[in-house]
Trainee: 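My questions all concern the structure below.
Keep in mind the model is a prediction, meaning the values are calculated, not measured. Numbers restart at 1 for each chain; the letters A, B, ... are given by sequence-line order, proteins then strands. These values consider heavy atoms only, across backbone and side chains, with no hydrogens, waters or symmetry-generated copies.
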Amino acid sequence: MPELPEVETVCRGIRPFALGEKIDKIIVRNKNLRWPVPKLIKTKAKNQTIKRIARRAKYILLELANGTIIIHLGMSGTLKIVNAKTPAIKHDHIDIVLANDRCLRLNDPRRFGCVLWTDDDPYRHELLCDLAPEPLAAKFNTAYLHKRLQGRKALIKNVIMDNKTVVGVGNIYASESLFLSRINPGLTANKISRDQARSLVKNIKKVLRASIKSGGTTLKDFAQADGRPGYFAQKLLVYSKEGEPCPVCETMIEHMQIGQRASYYCPRCQNMS
DNA sequence: CAAAGGTCCTGCTCGC
DNA sequence: TGCGAGCAGGACCTTT
C-alpha cells in the first residue's frame with residue numbers, strides 16, 4: 001500500500017508525538033509478520049529514548065541509543081499514534097507504548113510488513129544496504145537514470161519500480177509519472193531516450209513531492225498517523241481511472257497487466273515510441 | 001472469483 | 001554445453 005509519500009507522511013505524523021519520548025514497553029500480539037518480530041526487541045527497546053525518526057525508501061527507522069527499530073508497512077500496514085489505553089482491534093499486531101501514555105500502533109491485515117531490530121548502523125542492514133538512491137535526492141538525475149536504462153530489456157515500469165534503480169516508486173506513482181512523461185509503461189527500458197529519461201526523473205520527483213504535500217494517497221485503507229486519509233487520490237490522473245477520459249486528450253484510459261500489477265495509461269498520449 | 005498500495009525468492013531464458 | 005546475469009512470475013496474507 002504505502003509508497004514513499006505515504007511512508008514520509010507517517011514519519012512526519014508521528015514525530016511530534018514520539019520524537020524524544022521514552023519507550024515504556026513493546027507489546028507483540030502477533031509476531032508473524034513477513035519475518036518474525038525478534039523477541040529481543042522488547043528488552044532492547046525498553047526505557048530507551050527515540051532519538052531520531054528517519055525514512056529510507058519505504059522503511060521507517062526509529063533510532064534509539066542502543067540500536068534501531070526498522071518498520072515496513074508492506075501493502076496494508078498503518079502506523080498510528082493512539083492513546084495507550086485505546087483497545088486494540090483486529091490486526092493491531094504491535095504496540096510501541098511510550099512513557100507519555102501514547103502508543104505507536106501497527107495494524108496490518110495482510111502481514112506483508114515487518115518490525116525488526118538492529119544493534120548496528122541501520123543503513124548497513126541487509127535490507128537497506130543495497131538500495132538505490134532516494135528519488136528526491138540530487139543523485140537521482142538524468143545521467144544516472146539514462147545510464148541505468150542502457151541495454152536493459154526489462155519494461156520501463158518494472159525498472160522504475162525496482163529498488164536497485166530508485167526507491168519509493170510503487171504501482172501508483174509509476175503509472176502517474178509515466179503518464180506525465182508520455183511514456184508507455186510497456187516499453188523496454190533500452191528504448192527510452194535521454195530526453196525521456198530526463199522527463200521521467202523530473203516527473204517522478206514532481207508527483208512524489210505533490211503527493212507528500214497532500215498527505216499521500218488513500219485508495220482504500222491508507223491512513224496518516226492521526227487516522228486521517230491522504231488526499232492525493234483526488235489528484236491522480238490515470239491510476240484506477242480505466243474508462244475515464246484522459247485529462248490531456250480525452251481518449252479513454254486503459255490498463256495493462258505488467259508483472260501481475262495493473263498499469264494505467266493513455267493509449268494516445270503514451271504511444272510506443 | 002479476482003484484485004489490492006510491496007518485495008524477496010525461485011526458476012527460466014538468453015547470450016557469451 | 002555450461003554458466004551467470006537479468007528478467008518474469010510466484011509466494012506471502014486478508015479483505016472486499
Trainee: Expressed as a whole number of Å, how far does the P atom of C:dC13 sit from that of B:dT10?
Mentor: 15 Å
Trainee: I'd like to know if A:Arg111 reaches the base of C:dC13 with its side chain such that a donor and an acceptor end up less than 3.5 angstrom apart.
Mentor: no
Trainee: Below 30° counts as parallel, above 60° as perpendicular, anything between as tilted: where do the rings of A:Tyr173 and A:Phe232 land?
Mentor: tilted
Trainee: Are A:Gln260 and B:dA3 close enough that a side-chain N or O sits under 4.0 Å from OP1 or OP2?
Mentor: no
Trainee: Please set out all donor-acceptor pairs under 3.5 angstrom arising from side-chain atoms of residues 162-170 of chain A, sequence neighbours excluded.
Mentor:
residue  : atom : partner  : partner atom : Å
A:Asp162 : OD1  : A:Lys164 : N            : 2.9
A:Thr165 : OG1  : A:Val159 : O            : 2.9

Trainee: Specify the residue among A:Arg34 and A:Lys153 whose closest nucleotide of DNA chain B lies further upstream toward the 5′ end.
Mentor: A:Arg34
Trainee: Rounding to an integer number of Å, can you tell me how far A:Ile71 CD1 sits from B:dG6 P?
Mentor: 18 Å
Trainee: Nearest whole Å is fine: how far is C:dC7 P from A:Lys157 NZ?
Mentor: 16 Å
Trainee: Just how far, in rounded Å, is C1' of B:dA3 from CE of A:Met75?
Mentor: 9 Å
Trainee: Taking the minimum atom-to-atom distance to the side chain of A:Lys58, which one of B:dT7, C:dA8, C:dC7 wins?
Mentor: B:dT7
Trainee: How long is the line joining CE of A:Met161 and P of C:dA8, in whole Å?
Mentor: 12 Å
Trainee: So, OP1 or OP2 of B:dG6: does either fall under 4.0 Å of a side-chain N or O from A:Arg261?
Mentor: yes
Trainee: For A:Gln257 and B:dA2, what is the distance between atoms CD and C1' respectively, to the nearest whole Å?
Mentor: 10 Å
Trainee: At under 4.0 Å between heavy atoms, what does A:Tyr173 touch on the DNA or RNA strands: base, sugar-phosphate, or nothing?
Mentor: nothing
Trainee: Considering heavy-atom distances to DNA chain C, does A:Lys220 or A:Ile258 have its closest nucleotide positioned more toward the 5' end?
Mentor: A:Ile258
Trainee: Determine, for A:Arg268 against A:Glu250, whether the closest basic-nitrogen to carboxylate-oxygen distance falls under 4.0 angstrom.
Mentor: no
Trainee: Report yes or no: does A:Thr9 contribute a side-chain atom to a donor-acceptor pair with the main-chain N or O of A:Pro5 at less than 3.5 Å?
Mentor: yes
Trainee: Using the rule for Phe, Tyr, His and the six-membered ring of Trp, do A:Phe112 and B:dT7 stack at under 5.5 Å and under 30°?
Mentor: no
Trainee: Could you tell me whether the side chain of A:Glu6 and the main chain of A:Thr217 form a donor-acceptor pair under 3.5 Å?
Mentor: yes
Trainee: Looking at A:His125, is its backbone amide N or carbonyl O close enough to the side chain of A:Thr118 to form a donor-acceptor pair, meaning the two atoms are under 3.5 Å apart?
Mentor: no
Trainee: C:dC7 phosphate, OP1 or OP2: any side-chain N/O from A:Asn158 under 4.0 angstrom?
Mentor: no
Trainee: Judged by each residue's nearest nucleotide on DNA chain C, which is more toward the 5′ side, A:Gly151 or A:His91?
Mentor: A:Gly151
Trainee: From CZ of A:Arg110 over to P of B:dA4, roughly how many Å is that when rounded to an integer?
Mentor: 9 Å
Trainee: Roughly how many Å is it from CG in A:Leu127 to P in B:dC9, rounded to a whole number?
Mentor: 8 Å
Trainee: Round to the nearest Å and state the distance from A:His72 atom NE2 to B:dG6 atom P.
Mentor: 8 Å
Trainee: Once you apply the 3.5 Å cut-off to both distances, tell me the Watson-Crick or G-U wobble partner of B:dA3, or none.
Mentor: C:dT15
Trainee: Suppose you measure atom P in C:dG10 against the same atom in B:dA2; what distance do you get, rounded to whole Å?
Mentor: 14 Å
Trainee: Under 4.0 angstrom, heavy atoms only, what part of the nucleic acid is A:Lys90 near: base, sugar-phosphate, or nothing?
Mentor: sugar-phosphate
